[in-house]
**Q** 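My questions all concern the structure below.
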Amino acid sequence: MTTAVCFQCGHLKFGSFLACEECQAKPRTDDELMLSLAMSDHYFDQETMESMGQYIKEQGQPPQLDPEQEKVFRRKFEEVKASGVLDQLFQNENDS
């Protein structure tokens with residue numbers, strides 16, 4: 001499973017789209033979901049993710065993607081969204 005940085009508090013967490021164990025934030029909007037996908041070990045090493053987390057803790061917001069990175073991650077997110085994985089994840093959550 002994926003390790004990711006929480007977009008809200010910077011804590012390293014299990015799963016890009018799952019709730020953070022530290023602050024309970026869960027990505028909901030497309031922008032939050034895209035950012036959560038981007039800030040994962042699928043794309044960055046542990047050291048870089050720790051730096052991202054530290055930035056969030058210090059600045060109170062996630063680092064900004066440059067326009068080219070944003071295009072790439074938006075496409076990747078749209079692929080994930082089109083696959084139906086998010087629908088399944090949110091459906092399972094609603095069934096709980």
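Here, residue 1 is the first one in the sequence, and each next residue gets the next number.
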**Q** Show every donor-acceptor pair shorter than 3.5 Å between a side-chain atom in residues 76-83 and any protein atom, with sequence neighbours excluded, or say none if there are none.
**A**
| unit_1 | atom_1 | unit_2 | atom_2 | d |
| --- | --- | --- | --- | --- |
| Lys81 | NZ | Asp30 | OD1 | 3.4 |
| Lys81 | NZ | Asp30 | OD2 | 2.7 |
| Ser83 | OG | Val80 | O | 2.6 |
| Ser83 | OG | Val85 | N | 3.3 |

**Q** Output the distance between atom CG (Leu37) and atom OG1 (Thr2), rounded to the nearest 0.5 Å.
**A**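 Result: 8.5 Å between the selected atoms.
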**Q** Under 4.5 Å between any side-chain heavy atoms of Arg75 and Val72, yes or no?
**A**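 The answer is yes; the side chains approach within 4.5 Å.
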**Q** Can you see which heavy atom on Pro63 is nearest to which on Ile56, and at what distance?
**A** CD-CG1, 4.0 Å
**Q** If you count every heavy atom of other residues, nucleotides or ligands that lies below 6.0 Å from Gln64 atom CD, does the total exceed 12?
**A** no
**Q** Enumerate donor-acceptor pairs with a distance under 3.5 Å from any side-chain N or O in residues 5-14 to protein atoms, sequence neighbours excluded.
**A**
| unit_1 | atom_1 | unit_2 | atom_2 | d |
| --- | --- | --- | --- | --- |
| Lys13 | NZ | Ser16 | O | 3.2 |
| Lys13 | NZ | Leu18 | O | 2.4 |

**Q** Sequence neighbours left out, cut at 3.5 Å: what donor-acceptor pairs do the side chains of residues 47-54 make with other protein atoms?
**A**
| unit_1 | atom_1 | unit_2 | atom_2 | d |
| --- | --- | --- | --- | --- |
| Thr48 | OG1 | Asp45 | OD1 | 2.7 |
| Glu50 | OE2 | Gln46 | NE2 | 3.1 |
| Ser51 | OG | Glu47 | O | 3.2 |
| Gln54 | NE2 | Glu58 | OE2 | 3.0 |

**Q** Using the salt bridge (Lys or Arg N to Asp or Glu O under 4.0 Å) rule, collect all pairs that involve residues 65-74, keeping only residues at least two apart or in two chains.
**A**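 Checked against salt bridge (Lys or Arg N to Asp or Glu O under 4.0 Å) - neighbours excluded - the pairs reaching residues 65-74 are Asp31-Arg74, Glu68-Lys71, Glu70-Arg74.
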**Q** Can you list the residues that meet the ring pair (Phe, Tyr, Trp, His ring centres under 6.0 Å) rule with Tyr55, with sequence neighbours excluded?
**A**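 Once residues adjacent in sequence are excluded, Tyr55 has no partner under the ring pair (Phe, Tyr, Trp, His ring centres under 6.0 Å) criterion.
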**Q** What pairs with Phe44 under ring pair (Phe, Tyr, Trp, His ring centres under 6.0 Å), at least two apart in sequence or on another chain?
**A**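 Counting only residues at least two positions away or on another chain, Phe44 forms no ring pair (Phe, Tyr, Trp, His ring centres under 6.0 Å).
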